[in-house]
Amino acid sequence: IYLVRVEFQRRDLAAVERDLTPFILRHPDNAETSYLMASLLHQKPQTTATSQAEVSYAQHAQEGAPGNADANLLLGQAFLDAHQPAQALPAFQRARTLMPHSQAAIQGLLSCYTRLQQPALAEHASADLDAETTRRDQMARLTDRLNTAPSDIAATLELARLREENGET
């Protein structure tokens, strides 16, 4: 699995598929390998068969790690790739609950609400995404400030507060 993760980082998708496929055939109940396979399929050209396989692997990954925000995000995206926004919505809602400041979760909710023709909820999600983008920009500015003025106590404390809100340590 370590090798597959390295191959993902190098964006060597052919190697990921070559090394992951035999492993997943030997260990079909492994949630981590299901997550990796769904991630691989997400990056391939989308066909009906690819989308269905992506959903299946993503469901297995999420069932094996229901409290994992990334597994929920992947499941939501898999359902969106399969043109099933109603099924994607609960996964993105769980991801947002697990990671309230996740731009990916908010963007997923926005996509679902838009595709489901729920304009009021889409507008709310869009406002949340704007607020989160502003917050991320603030964190980037504080980080830049601390790179030039590492003794800036106010910037240090504000960045620490924002990171704590994110669940970072």
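Position 1 is the first residue of the sequence; numbering continues from there. Keep in mind that this is a model prediction, so the values were computed, not measured. FYI, side chains are in, hydrogens and waters are out, and symmetry mates aren't considered; it's all heavy atoms of this structure.
- The CE atom of Met139 lies 4.5 Å from the CG atom of Asn166; values are rounded to the nearest 0.5 Å.
- Taking the charged nitrogens against the carboxylate oxygens, Glu158 and Arg161 do have a contact shorter than 4.0 Å, which makes a salt bridge.
- More than 12 heavy atoms of other shown residues, nucleotides or ligands fall within 6.0 angstrom of atom CD in Glu165.
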Using a 3.5 Å cut-off and no angle test, enumerate the donor-acceptor pairs between side-chain atoms of residues 14-25 and protein atoms at least two apart in sequence or in another chain.
unit_1 : atom_1 : unit_2 : atom_2 : d
Glu17  : OE1    : Lys44  : NZ     : 3.1
Glu17  : OE2    : Lys44  : NZ     : 3.1
Thr21  : OG1    : Glu17  : O      : 2.7

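- Note that the CG atom of Asp12 and the CG atom of Leu3 stand 9.5 Å from one another [nearest 0.5 Å].
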Expected list for residues 107-118: side-chain donor-acceptor pairs under 3.5 angstrom, two or more places apart:
unit_1 : atom_1 : unit_2 : atom_2 : d
Ser111 : OG     : Gln107 : O      : 3.2
Thr114 : OG1    : Leu110 : O      : 2.8
Arg115 : NH1    : Leu80  : O      : 3.2

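- The two residues Ala91 and Gly76 come nearest to each other via the heavy atoms CB-N, 3.6 Å.
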For residues 31-40, which side-chain donor-acceptor pairs fall under 3.5 Å, sequence neighbours excluded?
unit_1 : atom_1 : unit_2 : atom_2 : d
Glu32  : OE2    : Arg5   : NE     : 3.2
Glu32  : OE2    : Arg5   : NH2    : 2.8
Thr33  : OG1    : Asn30  : O      : 2.9
Ser34  : OG     : Asn30  : O      : 3.2
Ser34  : OG     : His60  : ND1    : 2.8
Ser39  : OG     : Tyr35  : O      : 3.0

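- Using a 4.5 Å heavy-atom cutoff, the side chains of Asp81 and Glu54 are in contact.
- Taking a 4.5 Å side-chain heavy-atom cut-off between Ile, Leu, Val, Met, Phe, Trp and Tyr, the cluster of Phe79 extends to Val55, Leu75.
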Let me check something: any side-chain donor-acceptor pairs from residues 149-156 under 3.5 Å, sequence neighbours excluded? List them with distances.
unit_1 : atom_1 : unit_2 : atom_2 : d
Asp152 : OD1    : Ala154 : N      : 3.2
Asp152 : OD1    : Ala155 : N      : 3.0
Asp152 : OD2    : Arg145 : NE     : 2.8
Asp152 : OD2    : Arg145 : NH2    : 3.2
Thr156 : OG1    : Asp152 : O      : 2.9

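- Scanning all heavy atoms of the two residues, the minimum distance from Ser102 to Leu73 falls at OG-CD1, 4.1 Å.
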Got a list of side-chain donor-acceptor pairs under 3.5 Å for residues 92-101, not counting sequence neighbours?
unit_1 : atom_1 : unit_2 : atom_2 : d
Arg94  : NE     : Asn72  : OD1    : 2.7
Arg94  : NH2    : Asn72  : OD1    : 3.4
Arg96  : NE     : Pro100 : O      : 2.9
Arg96  : NH1    : Asp128 : OD2    : 3.2
Thr97  : OG1    : Gln93  : O      : 3.0
His101 : ND1    : Glu132 : OE1    : 3.0

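- With a 6.0 Å radius and a threshold of 12 heavy atoms from other residues, nucleotides or ligands, His27 has its NE2 atom above the threshold.
- Placement of Leu146 and Leu162 within a single hydrophobic cluster is found when ILVMFWY residues are connected by side-chain heavy-atom separations under 4.5 Å, directly or transitively.
- Scanning all heavy atoms of the two residues, the minimum distance from Thr133 to Gln103 falls at OG1-NE2, 3.2 Å.
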